[in-house]
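Below, read A as the first sequence line, B as the second, and so on, with proteins coming before strands; counting in each chain starts at 1. Just the heavy atoms: all of them, side chains too, but no hydrogens, waters or symmetry mates, feed the values below.
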There are 4 protein chains.
Amino acid sequence: MRVHSVSEQERIDRRRAQILEAASRVFARKGFHRTTVREVAREAGIADGTIYLYFASKQELLLALLGQVGRVGERRADFAELTGIDVRAFMDAYLRRRFAELREWRQLFAAVFPEVLADPGLRAAQAAQAAPAFEAAEVELARRIEAGQLPPLDPGLLTRVAAATVVGLLVLDVLGDPVVDARWEELPAFLAHLWFDGLGSEGR
Amino acid sequence: MRVHSVSEQERIDRRRAQILEAASRVFARKGFHRTTVREVAREAGIADGTIYLYFASKQELLLALLGQVGRVGERRADFAELTGIDVRAFMDAYLRRRFAELREWRQLFAAVFPEVLADPGLRAAQAAQAAPAFEAAEVELARRIEAGQLPPLDPGLLTRVAAATVVGLLVLDVLGDPVVDARWEELPAFLAHLWFDGLGSEGR
Amino acid sequence: MRVHSVSEQERIDRRRAQILEAASRVFARKGFHRTTVREVAREAGIADGTIYLYFASKQELLLALLGQVGRVGERRADFAELTGIDVRAFMDAYLRRRFAELREWRQLFAAVFPEVLADPGLRAAQAAQAAPAFEAAEVELARRIEAGQLPPLDPGLLTRVAAATVVGLLVLDVLGDPVVDARWEELPAFLAHLWFDGLGSEGR
Amino acid sequence: MRVHSVSEQERIDRRRAQILEAASRVFARKGFHRTTVREVAREAGIADGTIYLYFASKQELLLALLGQVGRVGERRADFAELTGIDVRAFMDAYLRRRFAELREWRQLFAAVFPEVLADPGLRAAQAAQAAPAFEAAEVELARRIEAGQLPPLDPGLLTRVAAATVVGLLVLDVLGDPVVDARWEELPAFLAHLWFDGLGSEGR
DNA sequence: TATGAATGAGGGTTCATTCAT
DNA sequence: GATGAATGAACCCTCATTCAT
């Protein structure tokens, strides 16, 4: 079994990153299936065959990108450091942080998401990847509801609705909606306001 | 100019519907690109070539399905008949109605949506199709805000957030989320509650 | 064994002629392979399937047309009636007659000839069909040479050169050469002059 | 702009020649349309897909072959070097030379010509390609007539008749006529004799 | 007899993957 | 390791032919 030296491993990682970066650009632009391996290679400035020294197949490119998406999701773990503050402030801070991140990952989403939606295998992989985050979110919400910081809404549904809203906004963004695109930074505050105060607040 | 008799046209419509139904099933299951025309034909119980008597290309199948999605969207026009009642009741009724519809169209979404997301051409087509609905929604919201029935939130953002939530829930459903799948009927009421009353209601 | 009555046979012959006429038009225009059976049917004003009541296959259409070409060739048999007159007058009369005929059959040639050239099977069929005419021409020439009416040129070569010239002019015509097309009627006299008097006549 | 090195370009040229050679063999044998790209590949000893690295389509194979035919035609320009000698000697030398060439190109003609005859687009392309040669020949003939070296025959018709004879002989050869095939070398002298001295020479 | 919708074999072409250099 | 020419399986689509009406 050949083991790579540190610098060797670094070179490999750099190459993989270079290829993945290229792949995510082209996939986001044209879609996974409409993109040829050759186009990825051209975008990365390397030869077709070189890609296969770093990834077993075109499909593996997608899986690697999906892995990167997963790593964005994991940051949800940082609930912890916001744990002490009050709910409203928490929501505000959390949304702001996530939306800033998401913007950077927009290309990655555009590259990976359509194919995840289309391919049963990837759907399963994605579900497995996201499950812990949902779990953590549900627990956190239940805790706060228990503590009387939130009204007794169903944590499962609330988690899904929150996730759906964020995902949906990313989708609208990818679809090219000009409002979402132009006013992305306003969204966290807007969401916090809507979710916390509600539309009924005025009537009262 | 060849004109089809009524029964002739009916036969054609039936065949097209039969083929589209089959296509939406297989596309939803495996994705557009992983599906061969032969598989659509098998699913429809006809020969490969027959499909080309009713659709010019595989791509045309997708466009026809996208057109059906569009026709779902158009129902948004039924704002009108709900126009007299109060905001809360309106929201409740409207969401309940849409969510019931959407469930039926889940397969259609699963078939068409990934490809819309992936293909720049379809993205544009979809955007054009959806624009009037967004327009109408914004106008309606602005009217109600004007009338003091809603707090002075930005109608553009509110429209996007609402749309994003619904789209996002559909996406989670397609991704196979068990909670969204099992509790779909609870979602309209849950959303109405969340959006109207907000999470802050308890704390007060 | 079903035997057709006379009028029945006539109807069949008319239909076959109608179809062959249409086929020769379209084949001449677009070539055999670029023409679909449907196009022949449309040109004949009948349904696709009807053609197969009168011809076993698309290929049979071609063979039937080749048969018609053959029947033009057979007229070469009318050497007989010109047999008494002197060589120069014979040549003149004969060429004039054939060129007039050929013009009428131009469409037929354009329809059939390219495919005869391209298909080994048809080449053989054509060769068999043309052989007797070559045979007859050689005999006639040999007779006249024997009789001192012609110089002692090789009858085999002379037959081929004469046939080649005529075929070649037809080919140029089909290729769209404007001179051949515009001055077709001048060709028999020109050829008779060239072949009989030769280019050296002036020098002498 | 990617530029190929000399040896690179040589490799490409060799491959293209190899493929064209194979294509001309199979097209000549079976005709363009009855030949599959796979058969060309097999004949060239390469894989199907390799052909598409060197030619954009099956049709391009034909066009490239037509281009080669064109290059044969261009040699007609060598009128010049024969220009000083007397007419009879010129005709003899010229015909001998061309017929020797033509024999080598028989396969090419058999491959390309039927399709040129059948396809309106190629007919036009061919006409354009041949036009300059006709032009040059007419001018040359007119010059010699002017100079009293030839009788005052119409140069346009004479050019067509001469071309038609040669083309026609090629056609008979392709059709498999045994006389033309066996006695090809006799033809130039025979033609020169016929055209120069004429059939009437004996009678006088 | 005539129709034309349906069939499905076949072919041109693409492109992920391999491998000799 | 890097290259990119070569491979050939797979797919969309056409169209000659069939057959129920």
Side-chain angles (χ1 to χ4, degrees), chain A residues 4 8 11-12 15 19 32-42 44-61, chain B residues 2 4 8 11-12 15 19 33-42 44-61, chain C residues 8 11-12 15 19 32-42 44-61, chain D residues 2 4 8 11-12 15 19 32-42 44-61:
Chain A
H4 299 299
E8 175 80 353
R11 190 187 52 75
I12 292 178
R15 262 280 200 257
I19 292 169
F32 177 72
H33 279 105
R34 318 180 100 78
T35 301
T36 66
V37 170
R38 166 158 299 171
E39 286 172 307
V40 176
R42 292 273 182 280
I46 60 177
D48 310 15
T50 306
I51 288 183
Y52 288 86
L53 298 176
Y54 298 90
F55 296 92
S57 68
K58 191 188 178 193
Q59 182 73 12
E60 286 292 322
L61 286 177
Chain B
R2 181 90 175 77
H4 297 299
E8 174 82 352
R11 190 187 54 72
I12 293 177
R15 262 276 195 262
I19 293 169
H33 279 105
R34 313 180 103 79
T35 301
T36 67
V37 170
R38 166 156 300 170
E39 286 171 310
V40 176
R42 291 272 180 282
I46 60 177
D48 310 16
T50 304
I51 287 182
Y52 290 89
L53 298 176
Y54 298 91
F55 296 92
S57 65
K58 191 190 176 193
Q59 180 74 11
E60 285 292 322
L61 284 178
Chain C
E8 175 78 354
R11 190 186 52 73
I12 292 178
R15 263 280 198 255
I19 293 169
F32 177 72
H33 279 105
R34 317 180 102 76
T35 301
T36 65
V37 170
R38 167 158 299 170
E39 285 171 307
V40 176
R42 291 273 184 280
I46 60 178
D48 309 15
T50 306
I51 288 184
Y52 288 86
L53 298 176
Y54 297 91
F55 296 92
S57 66
K58 190 189 178 192
Q59 182 74 12
E60 286 292 322
L61 286 178
Chain D
R2 179 93 174 74
H4 298 299
E8 172 81 351
R11 191 188 52 73
I12 293 178
R15 263 276 195 261
I19 293 169
F32 177 72
H33 279 105
R34 316 180 100 78
T35 302
T36 66
V37 170
R38 166 158 299 171
E39 285 171 311
V40 176
R42 291 272 181 281
I46 59 178
D48 310 15
T50 305
I51 288 185
Y52 290 88
L53 297 177
Y54 298 91
F55 296 92
S57 65
K58 191 189 176 193
Q59 179 75 10
E60 285 292 322
L61 284 178

Without decimals, in angstroms, what is the distance between [X] [atom1] and [N] [atom2]?
| X | N | atom1 | atom2 | answer |
| --- | --- | --- | --- | --- |
| A:Lys58 | E:dT18 | NZ | P | 15 Å |
| A:His33 | E:dT14 | NE2 | P | 18 Å |
| C:Glu60 | F:dA16 | CD | P | 15 Å |
| B:Glu39 | F:dC12 | CD | C1' | 13 Å |
| D:Ile12 | F:dA5 | CD1 | P | 7 Å |
| B:Ile46 | F:dA20 | CD1 | P | 18 Å |
| D:Ile51 | F:dG8 | CD1 | C1' | 13 Å |
| A:Phe55 | E:dT18 | CZ | P | 16 Å |

Subject >> C:Lys58 side chain vs C:Thr36 backbone, donor-acceptor pair below 3.5 Å >> reply: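 It does not hold such a pair.
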
**OP:** Using heavy atoms to find the nearest nucleotide of DNA chain E for D:Tyr52 and B:Leu53 separately, return the residue whose nucleotide is more 5′.
**Re:**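 Its nearest nucleotide being more 5', the pick is B:Leu53.
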
Subject >> Earlier contact from the 5' end, DNA chain E, for A:Val37 and C:Arg11 >> reply: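 The 5'-side residue here is C:Arg11.
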
Does [N] have its OP1 or OP2 closer than 4.0 Å to a side-chain nitrogen or oxygen of [X]?
| X | N | value |
| --- | --- | --- |
| C:Tyr54 | E:dA2 | yes |
| C:Arg15 | E:dT1 | no |
| D:Arg38 | F:dG8 | no |
| D:Thr50 | F:dT7 | yes |

Subject >> Minimum-distance nucleotide to D:Ala47 side chain [options: F:dG4, E:dT13, F:dG8] >> reply: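 Among F:dG4, E:dT13, F:dG8, the one nearest the side chain of D:Ala47 is F:dG8.
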
**OP:** Nearest 0.5 Å please: distance from the CD1 atom of C:Ile19 over to the CG atom of C:Leu53.
**Re:**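 Separation between the atoms: 8.0 Å.
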
Original post:
Pick the nucleotide of DNA chain F nearest each of B:Ser57 and D:Gly49; which residue has the one closer to the 5' end?
Top reply: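 Nearest-nucleotide comparison on DNA chain F picks D:Gly49.
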
**OP:** Starting from the 5' end of DNA chain F, give me the residue, D:Asp48 or A:Asp48, whose nearest nucleotide shows up first.
**Re:**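 Nearest-nucleotide comparison on DNA chain F picks A:Asp48.
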
**OP:** Evaluate the criterion side-chain contact (heavy atoms from CB on, under 4.5 Å) for residue pair B:Arg15 and B:Ile46; output intermediate values, then yes/no.
**Re:** CA-CA 10 Å; B:Arg15 262 276 195 262; B:Ile46 60 177; 4.2 Å; yes

Subject >> Test log, rule side-chain contact (heavy atoms from CB on, under 4.5 Å), inputs C:Phe32 and C:Gln59 >> reply: CA-CA 9 Å; C:Phe32 177 72; C:Gln59 182 74 12; 4.0 Å; yes

Subject >> Any-strand Watson-Crick or G-U partner of F:dC13, both distances under 3.5 Å >> reply: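 F:dC13 is paired, partner E:dG10.
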
Original post:
Which base, if any, makes a Watson-Crick or G-U wobble pair with F:dG4, both distances under 3.5 Å?
Top reply: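 When the pairing criteria are applied, E:dC19 turns out to be the nucleotide that pairs with F:dG4.
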
Subject >> Sidechain N-carboxylate O distance under 4.0 Å for A:Glu39, A:Arg42 >> reply: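 Looking at A:Arg42 together with A:Glu39, the answer is no, because their closest N to O distance does not fall below 4.0 Å.
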
